[in-house]
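Read the structure below first, then the notes.
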2 protein chains.
Amino acid sequence: MTLDALPPHQGGAEQLARLLAQALLAGHWQPGDVFPRELDIGAHFNVSRNQVRNALTSLTAAGLLERTAGRGTLVREMGDWHLLDPLMSEWMTGLINLDPQLVKAIYAFRFSAEPVVAGLAAQAAQAEDIERLESAFTGMEKTASSVEARAEHAEYDVAFHDATYRASHNLVWRQMGHLLRPSIMALIHRSQDRTDTLDDSLTRHRQVLDAIRSRNANAAESAAREVLRRTAIDLGIVS
Amino acid sequence: MTLDALPPHQGGAEQLARLLAQALLAGHWQPGDVFPRELDIGAHFNVSRNQVRNALTSLTAAGLLERTAGRGTLVREMGDWHLLDPLMSEWMTGLINLDPQLVKAIYAFRFSAEPVVAGLAAQAAQAEDIERLESAFTGMEKTASSVEARAEHAEYDVAFHDATYRASHNLVWRQMGHLLRPSIMALIHRSQDRTDTLDDSLTRHRQVLDAIRSRNANAAESAAREVLRRTAIDLGIVS
DNA sequence: AGTCTAGTAAATGTCTGACATTTAGACAAG
DNA sequence: CTTGTCTAAATGTCAGACATTTACTAGACT
């Protein structure tokens with residue numbers, strides 16, 4: 001794989017890092033491949049070696065690359081990626097070509113984890129957590145009917161689930177909220193036209209909200225499972 | 001807080017990063033405090049500005065610091081830390097002064113998550129996963145009796161739980177295995193002298209292993225919960 | 001007195017060129 | 001066939017100058 005297929009870029013090292021990271025996430029290189037040399041990257045994009053090094057430092061920290069003096073830069077396999085690094089979430093968001101295997105893995109994680117998180121949220125939620133959940137839910141309601149607001153709807157969807165993670169009041173669970181945006185965005189094209197399933201989704205989200213509000217952990221748990229079940233079935237995670 | 005209290009260092013930027021990170025994790029600076037300037041750090045440790053910058057880049061990527069040109073470097077609060085960054089796990093491991101609140105948060109996470117993971121593992125485990133679990137378990141058995149082997153025992157303990165996460169065959173869950181080492185190491189001094197509780201621990205670990213081996217998800221789930229319950233009670237996570 | 005503006009100091013960010021170190025491979029001597 | 005050495009090529013490091021951002025200060029003007 002060469003750099004020729006990549007679009008030009010403008011801006012700092014962050015932009016360059018995003019560009020390269022998204023190319024890696026899209027699978028333009030195979031694990032074990034040698035990544036282009038610093039000087040070649042710099043020449044191709046007309047940036048200094050510094051910027052290239054800064055960008056590659058980010059990708060290395062995210063587990064995408066492995067660099068050794070003398071040998072060069074190698075592409076690591078998916079199992080080594082730091083999927084929970086916020087930078088990774090940012091890079092994954094808005095990436096159309098995200099590997100279906102990865103989308104499935106993230107969703108399978110959510111399907112197993114979010115019921116537990118919702119249960120914890122029902123136990124630990126404070127007033128401000130409930131407010132965040134309600135605000136996100138009403139946003140989802142407002143944007144449910146119109147088709148052109150589906151991007152906005154997805155944002156409220158993200159906000160709702162993120163509010164659930166935050167309501168657990170656990171520092172570790174809260175970190176995983178970062179995975180929500182790429183996960184939800186990657187599935188935005190799935191069953192987008194069926195308004196009946198959207199009504200269904202709203203109803204189930206409401207049940208999660210109600211269960212947390214009434215501090216019913218078991219109800220929150222099963223409600224959260226129901227929210228995710230349809231897509232889990234579609235993805236072949238559960239039958 | 002000044003740098004004077006920190007021990008000297010030798011080695012590259014990684015050592016320096018570890019040193020500074022552990023000082024931050026131990027709470028030597030308060031959130032919002034200004035961190036020493038690059039040049040001061042370099043002067044104090046006799047390293048080049050490059051090394052300092054590389055070290056600070058790591059700490060920034062881990063969410064420990066926030067840097068802005070002109071203003072300087074600020075210390076971020078615990079809620080912003082990237083607890084799931086493998087570097088953080090490495091830094092936390094072997095740190096005696098780890099914030100009790102953090103230890104509790106990580107353990108609370110494990111107490112809620114690991115039963116689910118064990119259930120998944122029972123469904124997805126392959127032969128090699130079982131082998132890893134068995135190998136770790138026999139290691140735990142061998143090192144259970146002698147007192148001087150407690151460090152080695154802890155390593156087998158880490159290996160056992162990590163094998164559980166890996167056996168789930170989910171990329172996201174697998175990442176969280178990194179948290180195990182600091183969590184287990186931080187609690188190594190807790191009830192270390194009670195051989196009866198150690199026998200108890202072994203028995204319960206065996207039940208997890210057996211449940212996964214016989215693909216009984218429900219049994220694995222409750223067995224994993226029992227493994228963690230005693231410490232969870234000690235930490236005040238559950239009553 | 002108050003407010004806007006220009007200027008200044010101080011911090012991080014960037015660039016550049018040279019050099020150091022590590023690695024893989026070639027090639028010859030033993 | 002092994003060992004050792006040399007060479008080329010890649011990343012890592014250094015040092016110094018400069019750029020940019022930020023906060024603060026001192027005047028000028030109303």
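Since the model is a prediction, treat every value here as computed from it, not as a measurement. So you know, we letter chains A, B, ... as the sequences are listed, proteins then strands, and number each from 1.
Contacts of A/R181 classified as salt bridge (Lys or Arg N to Asp or Glu O under 4.0 Å), with partners at least two apart in sequence or in another chain: A/E155. The side-chain hydrogen bond (donor to acceptor under 3.5 Å, both in side chains) test applied to A/T73 returns A/R67, not counting sequence neighbours. For B/W173, the ring pair (Phe, Tyr, Trp, His ring centres under 6.0 Å) test picks out A/F109, with sequence neighbours left out. Residues satisfying the salt bridge (Lys or Arg N to Asp or Glu O under 4.0 Å) criterion with B/D162, sequence neighbours excluded, are absent altogether. B/S168 pairs by the side-chain hydrogen bond (donor to acceptor under 3.5 Å, both in side chains) definition with nothing, not counting sequence neighbours. In this structure A/R174 satisfies the salt bridge (Lys or Arg N to Asp or Glu O under 4.0 Å) test with no other residue, sequence neighbours excluded.
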Give me, pair by pair, the N or O atoms of the protein and of nucleotides 5-8 of chain C that are less than 3.5 Å apart, along with how far apart they are.
none

- prompt: When you look at B/F160 and B/H205, which way does the ring pair (Phe, Tyr, Trp, His ring centres under 6.0 Å) test go after all the steps?
  reply: CA-CA 9 Å; B/F160 184 90; B/H205 278 82; 5.0 Å; yes
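As rounded to whole Å, 12 Å separates atom P of C/dA10 from atom CG of B/L39. For the pair B/D40 CG and C/dA10 P, the computed distance is 12 Å after rounding to whole Å. In this entry the distance linking CG of B/N50 with C1' of C/dC15 reads 12 Å, nearest Å.
Comparing B/R49 and B/N54 by the nucleotide of DNA chain D whose heavy atom lies nearest to each, the residue mapping closer to the 5' end is B/N54.
Residue pairs meeting the salt bridge (charged side-chain N to carboxylate O under 4.0 Å, His left out) criterion with at least one partner in residues 133-142 of chain B, sequence neighbours excluded, are B/E134-B/R213, B/E141-B/R206. Residue pairs that meet the salt bridge (charged side-chain N to carboxylate O under 4.0 Å, His left out) test with at least one member in residues 83-107 of chain A, sequence neighbours left out, are A/R18-A/E90. Within the structure, every pair that satisfies the salt bridge (charged side-chain N to carboxylate O under 4.0 Å, His left out) test and touches residues 42-55 of chain A, not counting sequence neighbours, is listed here: A/E38-A/R49, A/E38-A/R53.
Contacts with DNA chain D (heavy atom under 4.0 Å) in residues 65-75 of chain A: A/R67, A/T68, A/A69, A/G70, A/G72, A/T73, listed by number.
The footprint of chain B on DNA chain D, defined by a heavy-atom cutoff below 4.0 Å, extends from D/dT13 to D/dA23.
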